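Chain letters run A, B, ... following the sequence lines, proteins first and then strands; every chain starts at 1. All figures in this text were calculated on a predicted structure; none of them were measured in a lab.
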Amino acid sequence: MDDSRHILLETGAFIHSAVNEDLKGRLSELHTRFPPEPGGFLHIGSAKAVYINFELAKIYGGKCNLRMDDTNPAKEEAEFVQAIQDEIKWLGYDWEDRLYFASDYFDKFYGYAARLIEKGLAFVCDLSADELRASFGGIDKAGVESPFRGRSVEENLDLFARMKNGEFGDGAKTLRAKIDMASSNLNMRDPVIYRIAHKTHSNTGDKWCIYPMYDFAHPLGDAIEGVTHSLCGLEFRDHRPIYEWYINNLDFEQKPRQIEFAEISVENTILGKRHLRKLIAEGNADGWDDPRLVTIMGMRRRGYPPSAIRDFLGNAGVSTAKNNTVEFAMLEHFVREHLAPVSKVVMAVLNPLKVVIENFPEGEVEMLNIDGREVPFCREIFVEREDFMEEPVKKFFRLAPGNEVRLKGAYFVTCTGVEKDADGNVTEIRCTYDPATKSGTGVEPPRKVKGTIHWVSAKHGVPIKAMLYDTLVLDTPEGEKELNPNSLIEMPNALGEPCIADATVDDRFQFMRNGYFCLDSKDANGTEGLVFNRIVSLKSSYRPQ
RNA sequence: UGGGCUGUCGCCAAGCGGUAAGGCACAGGACUUUGACUCCUGCACUCGAAGGUUCAAAUCCUUCCAGCUCAGCCA
């Protein structure tokens with residue numbers, strides 16, 4: 001089922017040829033890495049980076065490290081370190097014993113920075129954050145060189161050591177690379193290498209009060225770990241020159257190469273950390289694991305198989321540099337495809353309408369064998385409210401006055417009447433059944449019937465709550481995101497056939513004609529009764545009227 | 001208006017000088033005790049536009065048009 005290996009080989013040709021060329025065929029030497037910042041949870045966008053880095057290494061028999069990019073103590077928390085590992089494992093990948101932390105290299109980073117100073121390629125700058133920003137210039141304006149750019153190697157070395165020793169306050173000084181303030185690439189305008197931040201780091205504690213910037217730490221981290229190919233999102237395209245500048249100026253034997261791929265975006269979803277945080281803070285999402293979110297936690301709770309996510313990612317393609325927004329329907333397609341073979345098909349009625357079978361003996365319970373299950377059938381059952389129409393539209397093959405349908409695995413029934421309340425709402429329908437049409441007897445029914453509907457015994461039905469999801473937000477034509485008012489529909493009075501009382505969180509069901517469902521893992525001990533999440537609906541070619 | 005990048009079916013996406021793969025979606029049809037699944041069938045004489053080179057161009061050249069992206073002591 002999981003042919004992602006094949007898919008990734010077909011797509012992302014630019015990566016394959018680059019890797020092939022660099023390694024001159026020794027592809028098992030391919031070494032990649034997935035470098036998350038432990039400052040948040042992973043989502044489908046991060047999953048693509050996980051997928052590409054790990055999958056590519058797997059295809060060629062190479063290795064992929066997991067490196068926590070924890071160079072900014074202000075934004076990172078230890079809890080994410082474990083969460084991210086769980087998420088990657090769930091996605092199906094293994095970094096073996098190669099879990100690393102950028103912070104493990106702080107000593108080395110410091111040494112390399114000093115090296116840059118000695119080579120006259122870095123200097124300590126006293127400009128304030130505001131002054132620095134102003135001196136950077138702009139998109140069509142060259143920057144201005146720092147007045148501290150000419151300091152001697154000795155002075156720089158001394159100042160840098162004193163920065164490290166905590167002699168200066170936050171923001172008082174920075175270490176900067178000496179490159180080119182007139183570069184058309186803003187990342188090359190004497191970028192900051194180290195900043196001062198008297199903050200406790202989750203890994204190194206108070207040992208450091210200066211921390212390296214991403215642009216400096218990332219290539220060095222790659223080089224130190226022996227990474228051959230640093231595959232990252234397109235957003236880092238403009239950083240490639242600075243990545244190479246550090247690598248080339250620090251004389252690494254084996255130079256890692258950065259290759260970018262287009263990030264994925266899925267229609268009607270939100271990926272941005274701050275946007276997600278806002279949704280959660282405002283109560284519009286039920287935490288990071290809200291099943292309507294395409295966070296890893298959300299998709300996991302929703303019931304998406306990880307293999308479906310991998311397959312989706314592979315099929316959505318690994319393009320070079322094109323903006324793309326994949327339709328949500330494509331994700332759902334792969335979810336269905338991977339769910340179908342592992343799901344047990346059972347009956348559940350989401351919106352129950354009582355049916356009394358008038359000629360079925362009162363009090364009698366008949367056990368029916370449906371696909372190997374024993375399912376009780378009796379005089380009073382529930383069917384889906386949507387499966388009955390008092391005044392049927394044309395091509396409505398379900399229950400309607402005078403109309404005969406098959407009850408799945410049971411008998412043919414004909415609607416003979418309707419009961420209503422004072423407001424005219426249908427409260428129950430009356431039917432008669434034909435004993436000669438019993439299912440599974442091997443005897444051909446005496447006549448054909450167009451519709452087969454699902455049902456649950458009134459006496460034996462297990463009360464459940466069904467959660468029907470749609471995406472939390474909708475894309476507007478203007479390119480904005482708006483809340484989807486119908487992103488959650490709760491069906492509190494749903495009923496399932498008896499066997500679902502034994503469901504575990506790992507079980508996947510297809511509720512016949514209603515979609516794929518699983519137990520909500522958030523409420524695994526059932527304090528709210530049995531809560532089932534609809535993972536994805538079934539496709540339907542039925543169009544009323 | 002500086003730099004980088006991109007424009008192939010509604011959405012993804014192959015293709016890299018030899019006459020437009022595939023998936024999703026959609027539309028027909030077959031099958032059907034899930035209006036599901038499965039199975040057939042259809043779905044770009046055309047590759048952002050215009051010129052040019054060539055026996056031959058989505059693929060090469062030129063110009064133009066459109067879109068995305070970059071100014072954290074974030075990653």
K.L.:
Side chain of A/Arg336 only, heavy atoms from C-beta on: which candidate in B/G35, B/G2, B/A25 is closest?
P.N.:
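Output: B/A25.
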K.L.:
With both distances under 3.5 Å as the test, what is the Watson-Crick or G-U wobble partner of B/G22?
P.N.:
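Pair assignment: B/G22 / B/C12.
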K.L.:
Have a look at A/Phe328 and say if it touches a base, only the backbone sugar-phosphate, or nothing, with a 4.0 Å heavy-atom cut-off.
P.N.:
nothing
K.L.:
So what does A/Phe136 hit on the nucleic acid, given a heavy-atom distance under 4.0 Å: a base, only sugar-phosphate, or nothing?
P.N.:
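Sugar-phosphate contact only.
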K.L.:
Can you figure out which of B/C24, B/C70, B/G35 approaches the side chain of A/Ala329 most closely?
P.N.:
B/C24
K.L.:
For a quick check, tell me whether the side chain of A/Gln510 and the base of B/U34 share a donor-acceptor pair closer than 3.5 Å.
P.N.:
yes
K.L.:
For A/Thr452 and A/Lys408, indicate whether the former's side chain and the latter's backbone hold a donor-acceptor pair under 3.5 Å.
P.N.:
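No, A/Thr452 side chain to A/Lys408 backbone: no donor-acceptor pair under 3.5 Å.
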K.L.:
When you compare B/C61 with B/G7, how far apart are their P atoms, in angstrom units rounded to a whole number?
P.N.:
14 Å
K.L.:
May I ask you to say what A/Thr174 touches in the nucleic acid, namely base, sugar-phosphate or nothing, with a heavy-atom cut-off under 4.0 Å?
P.N.:
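Here A/Thr174 touches the bases of the nucleic acid.
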K.L.:
Base, sugar-phosphate alone, or nothing: which one does A/Glu235 contact when heavy atoms must sit under 4.0 Å apart?
P.N.:
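Base: the residue A/Glu235, judged by heavy atoms under 4.0 Å, touches a nucleobase.
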K.L.:
Determine which nucleotide pairs with B/U34, using a 3.5 Å limit on both distances of a Watson-Crick or G-U wobble pair.
P.N.:
none
K.L.:
Please report the distance separating the C1' of B/A49 from the corresponding atom of B/A58, rounded so that it comes out in whole Å.
P.N.:
14 Å
K.L.:
Kindly point out which of B/C12, B/C73, B/C24 is positioned nearest to the side chain of A/Val326?
P.N.:
B/C12
K.L.:
With syn defined as a glycosidic angle within 90° of 0 and anti as everything else, classify B/C26.
P.N.:
anti
K.L.:
Between B/U59 and B/U54, how many Å separate the two P atoms, rounded to a whole number?
P.N.:
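Here B/U59 and B/U54 have their P atoms 16 Å from each other.
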K.L.:
Is B/A71 paired to anything, Watson-Crick or G-U wobble with both distances less than 3.5 Å, and if yes, which nucleotide?
P.N.:
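Paired with no nucleotide.
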K.L.:
Which nucleotide in the list B/U33, B/C74, B/G23 gets nearest to the side chain of A/His333?
P.N.:
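Closest of the options to the side chain of A/His333: B/G23.
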K.L.:
Heavy atoms from C-beta onward define the side chain here; which of B/U34, B/C73, B/A71 lies closest to that of A/Leu538?
P.N.:
B/U34
K.L.:
Is A/Arg33 close enough and on-axis enough to A/Tyr100, meaning under 6.0 Å and within 45°, for cation-pi?
P.N.:
no
K.L.:
When we call it a touch if two heavy atoms are under 4.0 Å apart, what does A/Pro212 touch: a base, just sugar-phosphate, or nothing?
P.N.:
sugar-phosphate
K.L.:
Just checking A/Tyr194: base, sugar-phosphate only, or nothing, at a heavy-atom cut-off of under 4.0 Å?
P.N.:
nothing
K.L.:
In Å, rounded to the nearest 0.5 Å, how long is the span from CD of A/Glu337 to CZ of A/Phe312?
P.N.:
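That separation rounds to 13.0 Å.
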K.L.:
Starting at CG of A/Asn351, measure out to CD of A/Glu384 and round the result to the nearest 0.5 Å.
P.N.:
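So the CG of A/Asn351 and the CD of A/Glu384 are separated by 6.0 Å.
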K.L.:
Who does B/G7 pair with, Watson-Crick or G-U, both distances under 3.5 Å?
P.N.:
B/C65
K.L.:
Contact class for A/Glu332 (heavy atom, under 4.0 Å): base, sugar-phosphate, or nothing?
P.N.:
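It contacts nothing in the nucleic acid.
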K.L.:
So if I take every side-chain heavy atom of A/Lys408 and compare against B/A36, B/A25, B/U33, which nucleotide ends up nearest?
P.N.:
B/U33
K.L.:
Pick the P atom in B/C5 and in B/U62, then give their distance to the nearest Å.
P.N.:
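Pairwise P distance, B/C5 against B/U62, rounds to 15 Å.
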K.L.:
Closest-nucleotide mapping onto RNA chain B: is A/Asn185 or A/Leu132 further toward the 5' terminus? I mean the 5' end.
P.N.:
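The residue mapped nearer the 5' terminus is A/Asn185.
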K.L.:
Decide, yes or no, whether a salt bridge links A/Glu497 with A/Arg373 under the criterion of side-chain N to carboxylate O below 4.0 Å.
P.N.:
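Looking at A/Arg373 together with A/Glu497, the answer is yes, because their closest N to O distance falls below 4.0 Å.
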K.L.:
Rounding to the closest angstrom, what is the interatomic distance between B/A57 and B/C47 at atom P?
P.N.:
12 Å
K.L.:
Atom OH of A/Tyr214 and atom P of B/G72: how far apart are they, to the nearest Å?
P.N.:
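Distance check: A/Tyr214 OH to B/G72 P gives 17 Å.
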K.L.:
Ignoring the backbone of A/Arg237, work out which of B/U34, B/C5, B/C74 is nearest its side chain.
P.N.:
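Nearest to the side chain of A/Arg237 among the choices is B/C5.
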K.L.:
Under 4.0 Å between a side-chain N/O of A/Arg133 and OP1 or OP2 of B/G72, yes or no?
P.N.:
yes
K.L.:
Under 4.0 Å between a side-chain nitrogen and a carboxylate oxygen: does that hold for A/Lys481 and A/Asp475?
P.N.:
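Yes.
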K.L.:
Using a distance-only criterion (donor-acceptor N/O pair, under 3.5 Å, no hydrogens), is the base of B/U33 paired with the side chain of A/Ser439?
P.N.:
yes
K.L.:
In whole Å, what is the span from the NE2 atom of A/His201 to the P atom of B/C74?
P.N.:
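Whole-Å distance recorded here is 13 Å.
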K.L.:
Between the side chain of A/His198 and the main-chain N/O of A/Phe168, is any donor-acceptor distance below 3.5 Å?
P.N.:
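Between the backbone of A/Phe168 and the side chain of A/His198 there is a qualifying donor-acceptor contact (under 3.5 Å).
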K.L.:
Can you find a donor-acceptor pair, distance only, under 3.5 Å between A/Asp238 side chain and B/G3 base?
P.N.:
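Present.
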K.L.:
Measure from NZ or CZ of A/Lys199 to the centre of the six-membered ring of A/Tyr211, then state whether that distance is under 6.0 Å and the direction lies within 45° of the axis.
P.N.:
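Judged by the rule (NZ or CZ under 6.0 Å from the ring centre, within 45° of its axis), A/Lys199 is not positioned above A/Tyr211.
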K.L.:
Would you measure the distance from the C1' atom in B/A21 across to the matching atom in B/A44 and give it in whole Å?
P.N.:
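Roughly 13 Å separates the two C1' atoms.
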K.L.:
Find the distance A/Arg513:CZ to B/U33:C1' and express it as a whole number of Å.
P.N.:
11 Å
K.L.:
At less than 4.0 Å, is any side-chain N or O atom of A/Arg195 found next to OP1 or OP2 of B/A75? Yes or no.
P.N.:
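Answer is yes, contact under 4.0 Å.
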K.L.:
What nucleic acid atoms does A/His454 come within less than 4.0 Å of, heavy atoms only: base, sugar-phosphate, or nothing?
P.N.:
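Counting heavy atoms under 4.0 Å across all strands, no contact is made by A/His454.
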K.L.:
As a test of the definition: with a 90° window around 0 for syn, would you call B/G29 syn or anti?
P.N.:
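Nucleotide B/G29 adopts anti.
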K.L.:
For A/His239 and A/Gly409, find the nucleotide of RNA chain B closest to each by heavy atoms; which residue's nucleotide sits nearer the 5' end?
P.N.:
A/Gly409
K.L.:
Between A/Asp371 and A/Lys344, is the closest basic N to carboxylate O distance under 4.0 Å?
P.N.:
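So A/Lys344 does not pair with A/Asp371 through a salt bridge.
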K.L.:
Taking the same atom, C1', in B/U38 and in B/C31, what whole-Å distance lies between them?
P.N.:
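Per the computed distance, 8 Å lies between those C1' atoms.
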K.L.:
Ignoring hydrogens and angles, are the base of B/G35 and the side chain of A/Arg398 linked by a donor-acceptor pair under 3.5 Å?
P.N.:
yes
K.L.:
NA contact type, A/Lys395, heavy-atom cut-off 4.0 Å: base, sugar-phosphate, or nothing?
P.N.:
base
K.L.:
Give one of base, sugar-phosphate or nothing for A/Lys539, where a contact means two heavy atoms less than 4.0 Å apart.
P.N.:
sugar-phosphate
K.L.:
Would you mind reading off the distance between A/Phe109 atom CZ and B/A75 atom C1', rounded to a whole angstrom?
P.N.:
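In whole Å, B/A75 C1' and A/Phe109 CZ are 13 Å from each other.
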K.L.:
Using a distance-only test with no angle check, is there a side-chain donor-acceptor pair under 3.5 angstrom linking A/Thr432 and A/Thr414?
P.N.:
no
K.L.:
Regarding A/Val345, tell me which of base, sugar-phosphate or nothing describes its non-hydrogen contacts under 4.0 Å with the strands shown.
P.N.:
base
K.L.:
Tell me: NZ of A/Lys48 to P of B/C12, nearest whole Å?
P.N.:
12 Å
K.L.:
Can you tell me which nucleotide in B/C24, B/C74, B/G35 comes closest to the side chain of A/Ser541?
P.N.:
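In terms of side-chain proximity for A/Ser541, the closest of B/C24, B/C74, B/G35 is B/G35.
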K.L.:
For A/Ser128, report the nucleic acid contact type (base, sugar-phosphate, nothing); a contact means any heavy atom under 4.0 Å.
P.N.:
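Here A/Ser128 touches the bases of the nucleic acid.
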K.L.:
To the side chain of A/Arg543, which of B/A75, B/A27, B/U33 is closest?
P.N.:
B/A27
K.L.:
Calculate the interatomic distance between A/Asn324 atom CG and B/G10 atom P; express it in whole Å.
P.N.:
16 Å
K.L.:
How many whole angstroms separate atom CZ of A/Phe261 from atom C1' of B/C12?
P.N.:
17 Å
K.L.:
Let's test this: given Watson-Crick or G-U wobble pairing with both distances under 3.5 Å, identify the partner of B/C39.
P.N.:
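In the structure as shown, B/C39 has B/G29 as its Watson-Crick or wobble partner.
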K.L.:
Would you classify A/Gly440 as touching base, sugar-phosphate or nothing, given that sugar-phosphate means primed atoms plus P, OP1 and OP2, and contacts are heavy atoms under 4.0 Å?
P.N.:
base
K.L.:
Between A/Lys450 (NZ) and B/U34 (P), how many Å, whole number?
P.N.:
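Distance, rounded to whole Å: 11 Å.
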K.L.:
Report which part of the nucleic acid A/Ile370 touches: base, sugar-phosphate, or nothing (heavy-atom distance under 4.0 Å, all strands).
P.N.:
nothing
